[in-house]
Structure formats: structure tokens, C-alpha cells
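In this text, all values refer to a predicted model and were calculated from it rather than measured experimentally. In the text below, chain A, chain B and the rest are named by the order of the sequence lines, each starting its count at 1.
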2 protein chains.
Amino acid sequence: MSTVPDGYDPYAFTPFAVTVDLAVFTVREGRLHVLLVTRGEDPYKGRWALPGGFVLPRESAEEAARRELAEETGLAQDTVCGFHLEQLRTYSDPDRDPRMRVVSVAYAALVPDLPEPRGGGDAAHAQWWEAGATEPLAFDHDRILADAHDRIGARLEYSCLATAFCPAEFTLGELQQVYETVWGVELDRPNFRRKVLTTPGFVQAVEGPPRRTGGRGKPAALYRAGAANALHPPLLRPEGRPEGRTS
Amino acid sequence: MSTVPDGYDPYAFTPFAVTVDLAVFTVREGRLHVLLVTRGEDPYKGRWALPGGFVLPRESAEEAARRELAEETGLAQDTVCGFHLEQLRTYSDPDRDPRMRVVSVAYAALVPDLPEPRGGGDAAHAQWWEAGATEPLAFDHDRILADAHDRIGARLEYSCLATAFCPAEFTLGELQQVYETVWGVELDRPNFRRKVLTTPGFVQAVEGPPRRTGGRGKPAALYRAGAANALHPPLLRPEGRPEGRTS
DNA sequence: CTAATAGTGTCTCTCAGACATTATGTC
DNA sequence: GACATAATGTCTGAGAGACACTATTAG
């Protein structure tokens with residue numbers, strides 16, 4: 001049972017399949033949604049699952065995830081390159097796939113509200129589901145999805161990436177909606193405004209003061225995502241734990 | 001270039017080797033140290049590297065990491081089970097190993113000040129190095145080590161795991177030393193005390209008021225790690241970014 | 001005594017929560 | 001006009017930074 005630390009003893013080497021799994025999130029109609037696909041083959045044939053696939057011989061997991069994101073959403077690589085994609089963690093339970101040894105690197109992607117995945121190609125069986133209202137998924141994807149949701153919620157506290165859910169130009173109301181949707185809480189609007197506007201580089205007012213109406217209230221000013229990446233000090237969730245679990 | 005999302009087309013399957021790499025941290029003499037091993041074979045023969053090894057056919061990456069931790073430190077599995085071990089991220093660049101396709105799941109381990117790894121077995125060539133003062137490491141281990149340091153620093157802000165660097169019973173001075181060492185800053189002692197003691201479940205005073213002397217000052221009260229896992233509100237680093245990078 | 005470390009108390013400034021008020025649009 | 005949403009202003013309380021001060025040990 002002794003393996004040379006970084007040696008590559010033939011007897012110690014075991015071939016694994018390596019895949020990526022994606023939790024692609026978006027906010028639609030004030031609710032958090034995740035992109036799922038139907039499985040066409042056994043095991044778990046007919047069940048819903050996170051999109052994903054094999055890492056090819058000459059690509060990194062990151063590249064594979066970006067490629068799958070484009071394939072499953074039916075969008076061009078150029079478009080998809082602007083989306084936030086972040087590695088979550090790797091799932092390696094020996095029995096997570098009943099057929100063979102598969103290690104999966106999970107990623108979370110945050111995208112603005114997209115049209116329903118259009119038919120054609122791999123996206124034919126892809127569909128948006130409300131997160132938290134999904135049927136039991138294939139493999140360990142329920143766990144991955146829950147972990148991804150937790151992580152995104154925590155990331156909103158310490159980073160500016162809520163803007164990743166918004167289109168290029170957005171109102172502060174839309175940005176607040178992102179927080180409320182992901183966290184499942186209501187925030188005080190004046191306080192939210194103050195926090196966002198006093199954090200340097202979080203958002204950037206759009207010059208020409210064109211305004212956009214969301215319904216029939218007063219038109220809101222438009223903003224773009226700023227250059228800042230981290231949010232300091234953080235925007236903490238009201239009461240309760242910072243995360244659902246701490247793994 | 002189209003792969004069925006979760007299908008297992010024979011042509012799409014590529015065998016990978018899967019390894020774990022460990023960044024084992026400890027605090028010795030007020031400086032952050034990391035455990036390194038010398039490589040016995042090419043490539044990078046004679047260079048220092050993070051300890052690690054293959055994931056075996058019937059174990060998860062987590063189990064492999066725990067096993068390697070025991071092997072490299074020369075400690076028993078029982079002992080090692082008490083140490084904090086946390087998955088960092090997975091490194092999958094196609095060229096990270098010059099010989100073959102190797103995907104590595106990186107872990108960070110936090111251990112109390114241990115004796116120098118005793119000779120015998122795999123630990124024969126293991127040694128503590130001061131973090132930040134290491135020679136260029138093998139493979140992409142410099143990057144992994146830097147990522148690990150960043151992550152640990154960030155984790156100290158929002159979690160109670162600084163106690164993982166301390167022995168079972170410790171003084172608040174020792175706990176503060178952990179923060180100062182990992183962050184490379186000095187903290188105000190009264191304020192640090194207040195924060196730690198008013199956070200429920202961070203530490204727990206040891207009953208029998210035996211005190212321990214660190215040198216020739218007043219003896220300090222002893223504490224144990226509390227039940228809390230998260231630190232809310234966080235203990236933020238003074239000025240500057242929350243992390244070196246945001247990857 | 002001095003030196004060194006442990007522990008307490010207090011002032012102030014920043015910032016977040018709560019919430020009243022005004023502004024500007026649709027119907 | 002009513003209604004809805006956007007934006008501003010103000011009060012307050014929690015908590016962190018700064019720092020003075022006391023306590024207890026070794027020499």
C-alpha cells in the first residue's frame with residue numbers, strides 16, 4: 001500500500017474518465033433557474049441531469065466546461081466567453097457512476113436571462129428549471145447542484161459577481177433582485193443602493209442618462225458592471241448563517 | 001467535436017491519471033511553513049514538490065489525500081483524521097505533466113506544529129519549508145502552493161479554522177499568532193481578544209484554570225476550539241484586498 | 001526595580017438596519 | 001387623481017480600530 005509520492009509506478013496507475021459538470025444559473029422572473037438536460041442513455045435514462053461531458057485529450061477542464069456551456073446553451077463561443085465560469089470542486093466517489101470510475105470537475109456558470117435553449121444540436125433536450133424545484137437528478141447531481149447554490153450565495157457576499165446575472169446595462173433594482181433571488185430574502189432598497197454605490201468599482205453609471213422603464217413606475221438609471229472584483233467590506237446576508245453548510 | 005452530454009462514446013473517452021497534491025501548512029516559530037518532498041525520479045528529479053500521489057482504484061480523492069497526509073507526515077491514520085483537510089481546486093492543464101495526462105485534485109491541510117517528519121517510509125525525504133521562501137517547485141506546484149496560501153488566508157476571515165493550527169489547548173496569544181503569521185500583519189491584541197471571545201463557539205475556556213507560561217510574562221488562560229465553524233461577522237484583514245487574487 | 005506578556009476599559013468612527021420623505025413615471 | 005417604482009435623507013445601534021491602563025509573572 002506504499003506508493004512513491006510522485007512516482008508513476010505502473011501498478012499504481014489507474015485510468016479514470018474525467019468529466020466536467022455544469023451548474024448553469026440564471027435569474028428569470030425573480031426566481032433562480034438552472035439548466036438541465038435529459039439523459040438519453042442508461043444509466044438514469046430519461047432522468048434530468050446537469051449538462052456536462054468528457055474532457056478531451058488536449059483541453060483543460062476549464063476549456064471543456066466552456067465548450068460544454070456553448071454546446072448546451074446553443075450559443076456561440078464568443079458569447080459564452082463573456083459569462084462568468086468558476087470551478088466549484090471535484091467529485092470523486094468511486095461509486096458515483098455505476099459503470100466505471102469517473103471523476104468529475106464541477107463548474108458553476110452565471111448567465112443573464114437567456115432565451116429558452118433553442119432546438120438543434122446538444123441543446124435539443126436542454127431546459128431551464130427553477131432551482132430548488134427540480135426532480136431528483138441523475139448521479140450525484142443533486143448534491144453538486146446544492147453545493148453550487150450554496151457557493152454562489154456565499155460568493156455574492158464577498159464579490160461583485162452579481163452583475164454576471166444581469167445584461168450589459170441594468171438597473172439597481174435588477175441587481176437587487178439578483179441578491180434577493182439567490183438568497184431568498186428581501187433587502188431594503190435604500191440600504192442596498194447605498195452599499196452598491198459607495199463601493200468603488202462595483203457599478204458604473206451609464207453616461208447618456210437614457211432611462212428604462214421596468215413597468216409603470218419612475219424610470220431607473222442604468223449602470224454597467226464596474227472593474228472591481230472583490231466587495232470590501234462584504235455585503236452580508238441578513239441574519240442566519242453565511243452558508244447553508246460548510247462541507 | 002460534438003459529444004453526447006453524459007453519454008460515454010468510446011471515442012470520447014480518454015484515460016487520465018488522477019492524483020492528489022497536498023499543501024500541508026503549519027505555524028512554527030511565528031512563520032508559516034509547508035511540507036515539501038524531494039522528487040526521486042524524472043521529471044524534476046531532485047526538485048522539491050508538494051507531497052501527493054495517485055488516487056487508488058477504490059478510494060475517493062479525499063481518502064487518497066488523507067492517506068498521503070499520513071504517509072508523508074509519518075503519523076498514524078488516527079492522528080491524521082483530526083487534522084483539517086479541505087479540497088482546494090483541480091488542476092488539469094494538458095501539459096502540466098510532461099509525460100502524460102495527469103489531473104490533480106489539490107488539498108490544503110492545516111496541522112499543529114509537528115516534529116520534523118521522522119525518517120522511514122515515504123517521509124524520509126519530507127521537510128518543512130517556510131512558505132514564501134521555497135525554491136521553484138516541480139510541475140505547477142508553485143501555483144498550487146500560492147493558491148493554497150491565498151485560500152487559507154481568506155478562510156481565516158470567515159471561519160474558525162485558525163484553531164486547526166493550534167494544539168488541543170492553546171492561548172489567545174497563540175491563536176492571534178496564527179492570524180498574524182498567515183496574513184503577514186500585526187493585529188491589536190485587545191481587539192482580537194474581544195472579537196474571539198464575543199463570537200459564540202469560536203473558543204471555549206478550559207475549566208480548571210491551569211495556566212501556561214510562554215516565556216516570562218503573565219501566564220495565559222487556556223482555551224479549546226469551540227463548536228462553531230463559521231465566523232459571523234467575519235474577522236476581516238486590516239486594509240488591503242481580501243485575497244491576493246481572485247482567479 | 002524593569003521587562004514582558006496577559007487582560008480590561010473606553011472613546012470614536014464606520015457602516016448597516018430601519019424607515020420617513022421626495023421625485024417621476026403610467027394608468 | 002391613484003398607484004408604482006426610483007431616489008434621497010436621517011436616526012440609531014452594532015462593531016471595529018486605536019489606545020490607555022491594570023495585572024501577574026520572571027529576572
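Checked against the 6.0 Å centroid threshold, B:Phe170 and B:Tyr223 do not count as a close aromatic pair. Checked against the 6.0 Å centroid criterion, the rings of A:Phe25 and A:Phe165 do not qualify as a close aromatic pair.
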For nucleotides 7-18 of chain D, just jot down a letter per nucleotide in 5' to 3' order: B, S or -, based on protein non-hydrogen atoms under 4.0 Å.
-> SBBB-----BBB
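Counting only residues at least two apart or on different chains, no salt bridge (charged side-chain N to carboxylate O under 4.0 Å, His left out) pair has a member in residues 73-82 of chain B.
For the pair B:Gln177 CD and C:dA4 P, the interatomic distance rounds to 16 Å; values are reported in whole Å. The separation between A:Glu157 atom CD and C:dA16 atom P is 13 Å, rounded to whole Å.
The backbone N or O of B:Leu187 lies less than 3.5 Å from a partner atom in the side chain of B:Glu180, making a donor-acceptor pair.
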Quick one: do A:Glu62 and A:Leu85 satisfy side-chain contact (heavy atoms from CB on, under 4.5 Å)? Show the steps, please.
-> CA-CA 8 Å; A:Glu62 172 96 17; A:Leu85 183 69; 4.1 Å; yes
